[in-house]
Trainee: 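Before I ask anything, here is the structure I am working with.
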Amino acid sequence: MDPLTMTDEMEAIDEATQYRRKIDHSLARFSAAHDDAAAEEAKRRERRERLTTRSMALFEQTRTALQRVVLLDKEDEEEEKPAEKPEQTRLQEKKQRHTARNVRIGRIALIVVVVLIFIGTGVAWGAVTWFDAKFAQVSALDENSADIQNAEGQANDENFLMVGSDSRDGASAEENVGDASNIPGARSDTVMVAHVPADRKRVVVTSFPRDLEIERPDCNRWDPAKSATTDEVVRGQKIAKLNTAYAVGGPQCMTKVIQKVTGLRINHFVGIDFNGFKEMVDAVHGVTVHNEKPIDDTTLGKVLTETGDVTISGDQALSYVRARHVKGDPTSDYGRIKRQQAFIGALLKKVMSSDVVLDPGKLSGFITAFAHATFGDNLGVQQMMTLAQSMRGLDPANINFLTVPTVGLPNKRGNEVLVPEKTKSLFDALRDNTPLPGNQPAGTAASAPPANAGSGTTG
């Protein structure tokens with residue numbers, strides 16, 4: 001190899017050479033790091049200068065604006081200063097300064113309030129999002145169903161289909177509801193529709209007996225353990241009980257049936273399971289109901305021995321809304337419907353009271369318990385608050401608890417039978433937002449059926 005083309009890297013590497021190279025490499029790295037640091041420092045200095053320039057400009061703009069305000073205030077004071085009675089001028093100036101200071105303080109306070117509102121809105125939105133995530137969502141609604149009548153007129157109405165399911169999955173013995181081993185599946189012990197019209201001037205809650213005779217359509221089978229519908233189609237039945245719709249097809253099938261009977265556009269489905277129901281009541285430290293006489297059920301035992309205004313706990317509330325074999329009450333399901341309606345009204349009243357709304361612990365506990373015990377479609381904190389707030393803001397005279405019109409006596413199959421003309425009149429009035437038929441006084445439940453009316457089934 002030509003020595004003239006050789007670099008010093010090819011020279012003999014002795015200890016001195018290695019040491020020199022290490023020094024050279026270290027110096028090169030130090031120089032590069034120094035250059036990088038200097039470049040970064042120059043960038044930071046440039047950013048600081050820009051920030052300082054902007055800050056000074058903003059400060060000057062603010063100072064100029066404040067000067068304008070002060071100068072205008074002084075000019076106004078000079079213009080308003082009277083030529084005579086110099087003794088009054090100082091008093092007026094003092095009042096004007098006091099007024100101007102109050103105005104400035106007011107403006108500052110307003111800004112603070114606006115900021116707090118934005119912060120509060122962000123916190124509230126975060127809480128609502130967190131709670132909404134806790135609700136179990138199922139598929140139940142069919143807002144394009146051909147059974148919906150006057151759909152355009154119902155566009156801004158809120159119709160909540162509320163179903164109390166008696167699925168025993170996960171229930172403990174002390175809850176007194178049975179268990180899934182001896183009572184499998186799920187039935188709908190409670191079926192209600194809460195109708196809130198677009199103008200929010202009234203609320204009508206209509207209950208349906210569990211043994212109402214219906215024509216059940218084809219429905220996909222419902223799996224209560226998974227809270228989901230399956231691909232299996234169960235053929236319809238010409239004559240069936242209302243609660244079989246839920247047992248067979250779950251929320252979707254129940255929605256189909258209720259929309260067929262009422263013509264209402266059901267846009268919210270709320271399923272409440274007995275298991276966990278009592279937690280909602282305990283979260284608000286009990287609910288007060290008015291009890292006319294002791295409730296002694298042949299199946300559940302002594303449910304409520306006190307009379308008058310009584311505050312009931314979670315366990316008592318669970319039995320209170322389930323009791324359907326009460327001694328001395330031959331109406332069976334109708335007596336239970338009346339108690340359920342009274343209890344729902346009392347629970348909503350308690351939840352929307354200052355005792356709960358202004359207590360973050362109680363309110364959070366109730367919403368958490370409610371989310372744990374419920375499932376639904378188009379269901380969340382805001383939707384439930386719409387229902388509760390509508391009922392809270394209304395005069396009691398504008399809140400109706402009704403039972404769908406039936407003949408009052410079970411037929412030979414043990415089923416309750418609708419009165420077609422009265423049923424049509426009732427739901428025409430709800431859909432069209434016209435007075436209820438018969439000019440029934442609002443705020444009262446529909447009259448009970450004859451004393452010999454009852455239900456032909458047990459459960």
Trainee: Whether the side chain of T255 engages the backbone of A140 through a donor-acceptor N/O pair (distance < 3.5 Å, no angle test) should be reported.
Mentor: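 Indeed, once roles are kept as given, a pair shorter than 3.5 Å links the two residues.
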Trainee: Verify, without hydrogens or angle tests, whether N159 (side chain) and N267 (backbone) share a donor-acceptor contact under 3.5 angstrom.
Mentor: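 Not a single qualifying donor-acceptor pair exists.
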Trainee: Which residues pass the side chain to side chain contact (heavy atoms under 4.5 Å, CB included) test with K424, sequence neighbours left out?
Mentor: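 Once residues adjacent in sequence are excluded, the partners of K424 under the side chain to side chain contact (heavy atoms under 4.5 Å, CB included) criterion are D428.
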Trainee: Closest approach of N433 and P197, non-hydrogen atoms and distance?
Mentor: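 So the minimum-distance heavy-atom pair works out to OD1-CB, 3.7 Å.
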Trainee: State whether the side chain of K278 and the backbone N or O of A317 hold a donor-acceptor pair below 3.5 Å, judged by distance alone.
Mentor: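 Absent.
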Trainee: Just grab all the salt bridge (charged side-chain N to carboxylate O under 4.0 Å, His left out) pairs involving residues 358-380, residues at least two apart or on different chains.
Mentor: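 For residues 358-380: D355-K362.
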Trainee: Q154: which residues meet the side chain to side chain donor-acceptor pair (under 3.5 Å) condition with it, sequence neighbours left out?
Mentor: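 Q154 satisfies side chain to side chain donor-acceptor pair (under 3.5 Å) with no other residue.
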Trainee: Is the H268 ring parallel, tilted or perpendicular to the F160 ring (thresholds 30°, 60°)?
Mentor: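 Plane angle under 30°, so parallel.
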Trainee: State which residues pass side chain to side chain donor-acceptor pair (under 3.5 Å) with K327; sequence neighbours excluded, sorted by chain then number.
Mentor: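 Side chain to side chain donor-acceptor pair (under 3.5 Å) list for K327, sorted by chain: D296.
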Trainee: Under 3.5 Å, is there a donor-acceptor pair between the side chain of D157 and the main chain of A198?
Mentor: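 Confirmed, D157 side chain pairs with A198 backbone.
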Trainee: Can you check whether V284's main-chain N or O pairs, donor with acceptor, with K350's side chain at less than 3.5 Å?
Mentor: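 Side chain of K350 to backbone of V284, a donor-acceptor pair under 3.5 Å: yes, one is there.
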Trainee: Taking V287 as the fixed residue, which of V351, L347, T311 is the one that meets the side-chain contact (heavy atoms from CB on, under 4.5 Å) rule?
Mentor: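 In the set V351, L347, T311, the residue that makes a side-chain contact (heavy atoms from CB on, under 4.5 Å) with V287 is L347.
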Trainee: Taking only residues two or more places apart in sequence, or in another chain, which ones meet Q237 in a side chain to side chain contact (heavy atoms under 4.5 Å, CB included)?
Mentor: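 Counting only residues at least two positions away or on another chain, Q237 forms a side chain to side chain contact (heavy atoms under 4.5 Å, CB included) with R216, A240.
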Trainee: Please collect all salt bridge (charged side-chain N to carboxylate O under 4.0 Å, His left out) contacts where either partner lies in residues 257-266, sequence neighbours excluded, each pair once.
Mentor: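 Every salt bridge (charged side-chain N to carboxylate O under 4.0 Å, His left out) pair that includes a residue of residues 257-266, provided the two are not neighbours, is E143-R265, D147-K260.
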Trainee: Would you find a donor on one side and an acceptor on the other, under 3.5 Å apart, between the side chain of E213 and the backbone of L418?
Mentor: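 Pair absent, no side-chain N/O of E213 close to backbone of L418.
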Trainee: With distance as the sole test, does Q259 use its side chain to make a donor-acceptor pair with the main-chain N or O of I266 at under 3.5 Å?
Mentor: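 Yes, because the side chain of Q259 sits within donor-acceptor range (under 3.5 Å) of the backbone of I266.
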Trainee: With sequence neighbours excluded, what pairs up with D297 under the side chain to side chain contact (heavy atoms under 4.5 Å, CB included) test?
Mentor: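 Once residues adjacent in sequence are excluded, the partners of D297 under the side chain to side chain contact (heavy atoms under 4.5 Å, CB included) criterion are T299, L300, V303, A323, H325, V326.
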Trainee: What residues, two or more places apart in sequence or in another chain, satisfy side chain to side chain donor-acceptor pair (under 3.5 Å) together with E152?
Mentor: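 E152 satisfies side chain to side chain donor-acceptor pair (under 3.5 Å) with no other residue.
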Trainee: For E306, which residues count as a side chain to side chain contact (heavy atoms under 4.5 Å, CB included) partner, sequence neighbours excluded?
Mentor: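 Only L304, V310 meet the side chain to side chain contact (heavy atoms under 4.5 Å, CB included) criterion with E306.
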Trainee: Got a sec, which residues hit ring-ring contact (aromatic ring centres under 6.0 Å, His included) with H195, two or more places apart in sequence or on another chain?
Mentor: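 Partners of H195 by the ring-ring contact (aromatic ring centres under 6.0 Å, His included) criterion come out as none, since no residue qualifies.
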Trainee: One thing to verify: whether R324 and D211 come together as a salt bridge, which I'm taking to mean a side-chain N less than 4.0 angstrom from a carboxylate O.
Mentor: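 Salt bridge present between D211 and R324.
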Trainee: Kindly check if the number of other-residue, nucleotide or ligand heavy atoms within 6.0 Å of CG (N156) is above 12?
Mentor: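 Counting other residues, nucleotides and ligands, CG of N156 stays at 12 neighbours or fewer.
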Trainee: Would you check if the side chain of D432 reaches a backbone N or O of T434 as a donor-acceptor pair within less than 3.5 Å?
Mentor: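 The answer is no, because no donor-acceptor pair under 3.5 Å joins these two groups.
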Trainee: Quick one, N415 and K241 - any side-chain contact, counting heavy atoms below 4.5 Å?
Mentor: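 Yes, at least one pair of side-chain atoms sits under 4.5 Å.
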Trainee: Once ring-ring contact (aromatic ring centres under 6.0 Å, His included) is applied, do any residues pair with F375, and if so which ones, sequence neighbours excluded?
Mentor: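 Listed in chain order: nothing, the list is empty.
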Trainee: Closer than 3.5 angstrom, by distance alone: can the side chain of D282 be matched with the main-chain N or O of H285 as a donor-acceptor pair?
Mentor: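 Pair absent, no side-chain N/O of D282 close to backbone of H285.
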Trainee: Checking Q149 now: which residues fulfil side chain to side chain donor-acceptor pair (under 3.5 Å) with it, not counting sequence neighbours?
Mentor: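 Only R431 meet the side chain to side chain donor-acceptor pair (under 3.5 Å) criterion with Q149.
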